[in-house]
Colleague: 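So that we are looking at the same thing, I have put the structure below in structure tokens.
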Number of protein chains: 2
Amino acid sequence: MEAKKNTVEKICEMQTALDILGGKWTFLIIYALLDGKKRFKELERAVTGINTRMLVKELKNLEDHQILTRTAFATVPPTVEYSLTDKGRDLEATMKYLYKWTKDWM
Amino acid sequence: MEAKKNTVEKICEMQTALDILGGKWTFLIIYALLDGKKRFKELERAVTGINTRMLVKELKNLEDHQILTRTAFATVPPTVEYSLTDKGRDLEATMKYLYKWTKDWM
DNA sequence: CCGCATCCAGGATGATACTG
DNA sequence: CAGTATCATCCTGGATGCGG
């Protein structure tokens with residue numbers, strides 16, 4: 001028989017995840033990347049209201065945690081593409097249900 | 001044929017939801033209440049690391065948005081119970097997948 | 001013009017002490 | 001027990017600068 005985890009233990013585990021995902025813009029950035037890779041500027045336009053500084057910061061955070069990958073091209077003007085890793089894409093179900101809730105209740 | 005919403009529009013919708021749910025502790029509080037109503041002190045113990053001030057604030061925020069209900073009893077010492085509304089309980093699927101992701105990747 | 005780094009002011013958060 | 005009040009600290013937002 002398995003030792004079933006109680007709520008407190010589960011919350012502690014989710015806390016480590018929310019340390020990464022819990023930023024004000026994190027979910028929206030990931031959601032924006034679900035339908036494919038995007039450039040920095042595209043993300044800035046997609047995530048309405050975010051500012052450059054926070055976008056840089058969140059992207060770096062998500063890259064550090066292997067949720068997305070950054071690819072830079074030495075073009076003029078510079079081109080940087082961001083796309084989700086498997087780990088990041090695995091949040092699709094969570095996002096889908098969060099969006100469903102939004103439509104149902106907001 | 002329906003006018004299919006694009007990503008930007010969906011993000012804007014989700015933004016209103018995340019204004020409510022996006023707090024640092026919000027998801028954890030809701031998760032703690034998924035298995036039934038809890039008293040203030042029980043929540044404080046369940047959500048490890050939170051402090052009184054933030055718990056009060058988040059609970060008020062979630063109550064204002066009809067995600068949970070607050071019931072006070074005029075006992076000594078005072079008793080206050082918090083429990084999810086239908087709106088709040090509808091986040092269960094989102095939470096479940098978020099926890100699954102946590103277990104899979106953290 | 002794009003992708004970012006830096007600087008500064010205001011708001012959010014955390015720790016602690018106190019009340020009914 | 002269930003909060004309030006207070007203050008130090010961290011984080012966010014907006015403006016600006018700069019190399020490529």
Side-chain angles (χ1 to χ4, degrees), chain A residues 8 11-12 14-30 32-33 36-65 67-84, chain B residues 8 11-12 14-30 32-33 36-65 67-84:
Chain A
V8 176
I11 287 177
C12 286
M14 285 187 47
Q15 209 154 358
T16 66
L18 286 169
D19 270 353
I20 302 167
L21 304 175
K24 182 174 176 183
W25 304 100
T26 320
F27 279 94
L28 297 174
I29 292 171
I30 294 169
L33 286 172
K37 67 185 173 199
K38 283 193 169 60
R39 298 182 54 178
F40 185 90
K41 210 64 176 181
E42 292 180 296
L43 281 172
E44 201 168 12
R45 274 189 295 265
V47 182
T48 317
I50 200 172
N51 58 44
T52 309
R53 207 183 62 83
M54 287 312 295
L55 183 54
V56 172
K57 189 178 182 180
E58 286 294 348
L59 288 171
K60 198 165 294 175
N61 169 46
L62 293 174
E63 189 194 0
D64 287 346
H65 292 280
I67 288 169
L68 53 80
T69 57
R70 195 190 100 109
T71 315
F73 302 94
T75 55
V76 177
T79 305
V80 182
E81 284 180 351
Y82 294 90
S83 62
L84 293 177
Chain B
V8 176
I11 287 177
C12 287
M14 285 187 49
Q15 209 154 0
T16 65
L18 285 169
D19 269 353
I20 302 167
L21 303 175
K24 182 174 176 183
W25 304 100
T26 319
F27 278 93
L28 297 175
I29 292 170
I30 294 170
L33 287 172
K37 66 185 174 197
K38 282 192 170 59
R39 300 180 56 175
F40 186 89
K41 207 65 175 181
E42 291 179 297
L43 280 172
E44 200 168 13
R45 273 190 296 264
V47 183
T48 317
I50 199 171
N51 59 44
T52 309
R53 206 182 62 84
M54 289 311 296
L55 183 54
V56 171
K57 190 179 181 179
E58 286 294 348
L59 287 171
K60 202 165 292 176
N61 169 46
L62 293 174
E63 189 193 0
D64 288 345
H65 292 280
I67 288 170
L68 53 79
T69 57
R70 194 190 100 109
T71 313
F73 301 93
T75 55
V76 178
T79 305
V80 182
E81 286 180 350
Y82 294 90
S83 61
L84 293 178

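The structure presented is a predicted model; accordingly, all values stated were derived computationally and were not measured.
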Colleague: Any base atoms under 4.0 Å from A/Thr52, or only sugar-phosphate, or nothing? Heavy atoms, all strands.
Modeller: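 Here A/Thr52 touches the bases of the nucleic acid.
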Colleague: To the nearest angstrom, how far is B/Asn51 atom CG from C/dC18 atom P?
Modeller: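 Distance, rounded to whole Å: 18 Å.
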Colleague: The side chain of A/Lys57 is closest to which nucleotide in this list: D/dT12, D/dG13, C/dG14?
Modeller: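 Side chain of A/Lys57 sits closest to D/dT12.
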Colleague: Take atom CD of B/Glu58 and atom P of C/dT13, then tell me their distance rounded to the nearest Å.
Modeller: 7 Å
Colleague: Rounding to an integer number of Å, can you tell me how far B/Glu81 CD sits from D/dG3 P?
Modeller: 12 Å
Colleague: Which nucleotide wins on minimum distance to the side chain of B/Met54, given the candidates D/dT4, C/dT13, C/dG3?
Modeller: C/dT13
Colleague: Within the distance-only criterion (no hydrogens, no angle test), does the side chain of A/Glu81 pair as donor or acceptor with the backbone N or O of A/Lys37 below 3.5 angstrom?
Modeller: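 Such a contact is absent between A/Glu81 side chain and A/Lys37 backbone.
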Colleague: Between C1' on D/dA5 and CG on B/Leu55, what's the gap in Å once rounded to a whole number?
Modeller: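 To the nearest whole Å, that distance equals 17 Å.
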Colleague: With a cut-off of less than 4.0 Å, is there a side-chain N or O of B/Lys60 near OP1 or OP2 of D/dT4?
Modeller: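 Looking at the OP1 and OP2 atoms of D/dT4, one of them is under 4.0 Å from a side-chain N or O of B/Lys60.
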Colleague: Any donor and acceptor pair, going by atom type alone, linking the side chain of A/Gln15 with main-chain N or O of B/Thr48 inside 3.5 Å?
Modeller: yes
Colleague: Roughly how far apart are B/Lys60 NZ and B/Leu55 CG, rounded to 0.5 Å?
Modeller: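 Answer for the NZ-CG pair, B/Lys60 versus B/Leu55, is 11.0 Å.
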Colleague: Roughly, in whole Å, what's the span from CG in B/Leu59 to P in D/dA2?
Modeller: 11 Å
Colleague: Check whether any side-chain nitrogen or oxygen of A/Trp25 sits under 4.0 Å from OP1 or OP2 of D/dT12, and answer yes or no.
Modeller: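 Result: no.
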Colleague: Is the distance from OP1 or OP2 of D/dG3 to the nearest side-chain N or O of B/Tyr82 less than 4.0 Å?
Modeller: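 Checking B/Tyr82 against D/dG3: at least one side-chain N or O falls below 4.0 Å of OP1 or OP2.
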Colleague: Answer with base, sugar-phosphate or nothing: what part of the nucleic acid does A/Val76 contact at a heavy-atom distance below 4.0 Å?
Modeller: nothing
Colleague: Do A/Arg53 and D/dG14 have a side chain to base donor-acceptor pair shorter than 3.5 Å?
Modeller: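 Pair found.
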Colleague: Compare side-chain N and O positions of B/Lys24 against OP1 and OP2 of C/dA12 and report whether any pair is under 4.0 Å apart.
Modeller: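 For C/dA12, neither OP1 nor OP2 has a side-chain N or O of B/Lys24 closer than 4.0 Å.
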Colleague: Look at A/Lys41 and C/dC1 and indicate whether a side-chain polar atom (N or O) is within less than 4.0 Å of OP1 or OP2.
Modeller: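 Indeed not, no polar side-chain atom of A/Lys41 lies that close.
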Colleague: How many Å lie between CD1 on B/Ile50 and C1' on D/dG3, as a whole number?
Modeller: 13 Å
Colleague: Kindly assign one of parallel, tilted or perpendicular to the pair A/Phe40 and A/Tyr82, based on the angle between their ring planes and the thresholds 30° and 60°.
Modeller: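 Tilted.
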